Amino acid sequence: MLNTNGVPDKKQIFSRFPDKKYILKPKAITECYEEIPCNPCSTSCPFDAIYIGEDINTAPIVDFEKCTGCGICVYNCPGLAIFIVQELDNENARFKIPYELIPLPIKGETWSGVNRAGEVITKVLIEKVSLTEKQDKTALIQVLVPIEFINDFITIRSKL
Amino acid sequence: MKKIDLVIIGGGPAGLSAAKMAAESGLSSLIIERNFKIGGQLVKQTHMFFGSEKQYAKTRGIDIAKILVNDVLKYSDMIEIMTGTTVVGLYKDKVVTLLKDEKYIKVKTKAIIIATGASEKVLAFEKNDLPGIYGAGAVQTLMNVHGVLPGHNVVMVGSGNIGLIVSYQLIQAGVNVLCVLEASSEIGGYKVHASKLKRLGVDIKTSHSIKKAIGKDYLERIIIGKLDDKWEFIEGSEEELIVDALCISVGLSPLSNLLSMIGTEMKYVSYLGGLVPLIDENYETSIENVFVAGDVCGVEEASSAIVEGYLTGLVVAKKLGYIHPNYDKLYLDFKAQLHNLRSGPFGEKLRRGLEEIMR
Ligand SMILES: Cc1cc2nc3c(=O)[nH]c(=O)nc-3n(C[C@H](O)[C@H](O)[C@H](O)COP(=O)(O)OP(=O)(O)OC[C@H]3O[C@@H](n4cnc5c(N)ncnc54)[C@H](O)[C@@H]3O)c2cc1C
Ligand code: SF4
Ligand code: SF4
């Protein structure tokens, strides 16, 4: 339970995933369920794809028609609560996740894939690591994840 | 005796913003900060902030400090800053006594903005004075200002935003965080922070607390236990953990003793963290031309501290005859920003607390 251990339930998770037709392209998932005074995801999106509105306590809503999966909101979210997901084919999903720990992974490495409860669930391939000045110390890691974990994978831990 | 129109006590986000807005209005001020540098709590906060763009959301605390400090330095002809200087006395005739390098200095002023922030609350348990037991803020200062690790295996007590954020920063520094203990049955802080920790493998144990610390010369082990709904330890639920540091983050209380000294009307309001002054809608206390801004009048966030600073700077300047060219527009804007920051469910206790201290 989100309120007692920080793990959102399946219903909450699915509520933030788009319809299947959208997810063939990369889309932003905002795992931000509470009404907290915060809105950088919305103001940083160059495509106006995240709605919060005048009252900054409103939880963000993504317009999947407008979202291009560019990833800008991912490193602008102070809660590290946004990631990008795309269904690549029958075997793999591609994620872009925020990462603020050292050492950073290196392209081509295999790392453990972790779920929302902090358990290792699979192996993932690091496809790309970006950390520009603009990202202000929050790296974006692009990873290839076995498709069956598309609703479970959330982050990476230690190189294999 | 030194004379200056406005004295601002505390060089945190509230004090710095107040000085800037007063200067923009044409009023000179003196900022007094007991620390060796200005910036307040922000100088140790390496995480991105919440809020909206106007309060520098998504910028890291340390960088917000730089922005606010630079704003003040731009007015170096109008804003004087004394660091390493503590205000030790405040009197009704608006004489302020400062202590710097073991010397007392007296300053006579027309108006005072008190922006002294808050201090960490302590928790009572057996052997809570062993070396290795810290406040979460102290750990943040050690790590992020001085580059010193507090320990290798740490337990955090308290799951408010500070407990959750400092736990995350401990992990960033390579420290093993065994768990976060929370006496209440639900996590206190924002769930986005909790989820971030949980996915890194840190358990947040709700309905749990620290029972006692064990160690001869320094902390070696702790006993934790499960609490019932009356917050009493449940017999037989004890667990022993091997740790070399324990971090206490059970809230902050306003550093309001200077206000008591000058005799403003005060009230104990638990929603605001402790003893706070009664204020009017412009943050003026019961003593004319003595204002407050930031955590000292209710423990909140840097975002609101900044806006309260701007608001009081603007209003004090006007009272002393320096009217900002955009006074009306700015005034409404600051009020609206404060309203917006506090209007959500997390602002509820605060709203109730503020109602209690309105004069
Ligand atoms: C771990 C942590 C995370 C946080 N995260 C966020 C966040 O994400 N977003 C957010 O908006 N806020 C956050 N905050 C809260 C924020 O830091 C505070 O609300 C804010 O700093 C309050 O500002 P202030 O100016 O009132 O007080 P402070 O920043 O505490 O400044 C008060 C200053 O007054 C000085 N002072 C005190 N007494 C005297 C005296 N007698 N003489 C001279 N000087 C004196 C102190 O040295 C200090 O520098 C966080 C706080 C912590 C601890
Ligand atoms: S991924 Fe890009 S387009 Fe999509 S919501 Fe985020 S910033 Fe906007
Ligand atoms: S920036 Fe992140 S934490 Fe803030 S509202 Fe958007 S998704 Fe939530």
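Predicted, not measured: the structure shown is a model, and the values here were computed from it. So that the names make sense, note that chain A is the first sequence line, chain B the second, and so on, each numbered from 1.
Between Asp152(A) and Lys10(A) a salt bridge is recorded (basic side-chain N to carboxylate O distance below 4.0 Å).
Taking chain A as the reference chain and counting heavy-atom pairs below 4.5 Å, the highest number among His193(B), His47(B), Lys196(B) is found for Lys196(B). Between chain A and the options Asp203(B), Val180(B), Leu200(B), heavy-atom pairs under 4.5 Å are most frequent for Leu200(B). In terms of heavy-atom pairs under 4.5 Å with chain B, the best-connected choice from Glu35(A), Met1(A), Glu100(A) is Glu100(A). The most heavy-atom pairs under 4.5 Å with chain A, out of Glu53(B), Glu182(B), Lys205(B), come from Glu53(B). Note: Asp55(A) leads Thr58(A), Val120(A), Asn115(A), Asp55(A) in heavy-atom pairs under 4.5 Å with chain B. By number of non-hydrogen pairs under 4.5 angstrom with chain B, the leading residue of Val114(A), Ile102(A), Asp136(A) is Asp136(A).
Heavy atoms of Arg157(A) lying under 4.5 Å from chain B belong exclusively to its side chain. With a threshold of 4.5 angstrom between heavy atoms, Lys191(B) approaches chain A through its backbone and through its side chain. Heavy atoms of Leu101(A) lying under 4.5 Å from chain B belong exclusively to its side chain. Heavy-atom distances place the side chain of Asp63(B), and not its backbone, under 4.5 Å from chain A. The parts of Thr138(A) that come within reach of chain B are both its backbone and its side chain, each placing non-hydrogen atoms under 4.5 angstrom from that chain. When heavy atoms are compared at a cutoff of 4.5 Å, Tyr33(A) does not approach chain B at all. For chain B, the nearby part of Cys77(A) is the backbone; its heavy atoms alone come within less than 4.5 Å. Heavy atoms of Phe49(B) lying under 4.5 Å from chain A belong exclusively to its backbone. For chain B, the nearby part of Glu54(A) is the backbone; its heavy atoms alone come within less than 4.5 Å. Heavy-atom distances place the backbone of Ser185(B), and not its side chain, under 4.5 Å from chain A.
Side chain to side chain, Gln169(B) and Thr46(B) meet the donor-acceptor criterion of an N or O pair below 3.5 Å. In this model, a donor atom of one side chain and an acceptor atom of the other lie less than 3.5 Å apart for Glu308(B) and Tyr283(B). Side-chain N/O atoms of Asn153(B) and Asn176(B) include a donor and acceptor closer than 3.5 Å.
Interatomic distance, CG of Leu42(B) versus CZ of Arg60(B), reported as 14.0 Å (0.5 Å rounding).
Residues Leu80(A) and Met48(B) meet the side-chain proximity criterion, which asks for heavy atoms closer than 4.5 Å. Side-chain contact between Glu31(A) and Ser195(B) is absent, with no heavy-atom pair separated by less than 4.5 Å.
Residues of residues 341-355 of chain B lying under 4.5 angstrom from chain A, judged on non-hydrogen atoms, are Leu341(B), Ser343(B), Gly344(B), Pro345(B), Phe346(B) in numerical order.
For Leu332(B), the CG atom sits in a packed shell: over 12 heavy atoms of surrounding residues, nucleotides or ligands are nearer than 6.0 Å. In this structure, Ile147(A) places its CD1 atom where more than 12 heavy-atom neighbours from other residues, nucleotides or ligands lie under 6.0 Å away. Atom NZ of Lys159(A) has 12 or fewer neighbouring heavy atoms from other residues, nucleotides or ligands inside a 6.0 Å radius.
Ring geometry for Phe14(A) versus Phe17(A): interplanar angle over 60°, hence perpendicular rather than tilted (30 to 60°).
Nearest heavy atom pair, residue Phe149(A) against residue Ile121(A), reads CZ-O, 3.5 Å. In this structure, Ala59(A) and Arg16(A) approach most closely via the heavy-atom pair CB-NH2, 4.3 Å.
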For this session: Mind running ring pair (Phe, Tyr, Trp, His ring centres under 6.0 Å) on Tyr190(B) and Phe50(B) for me, showing each step along the way?
Result: CA-CA 10 Å; Tyr190(B) 297 163; Phe50(B) 287 75; 5.1 Å; yes
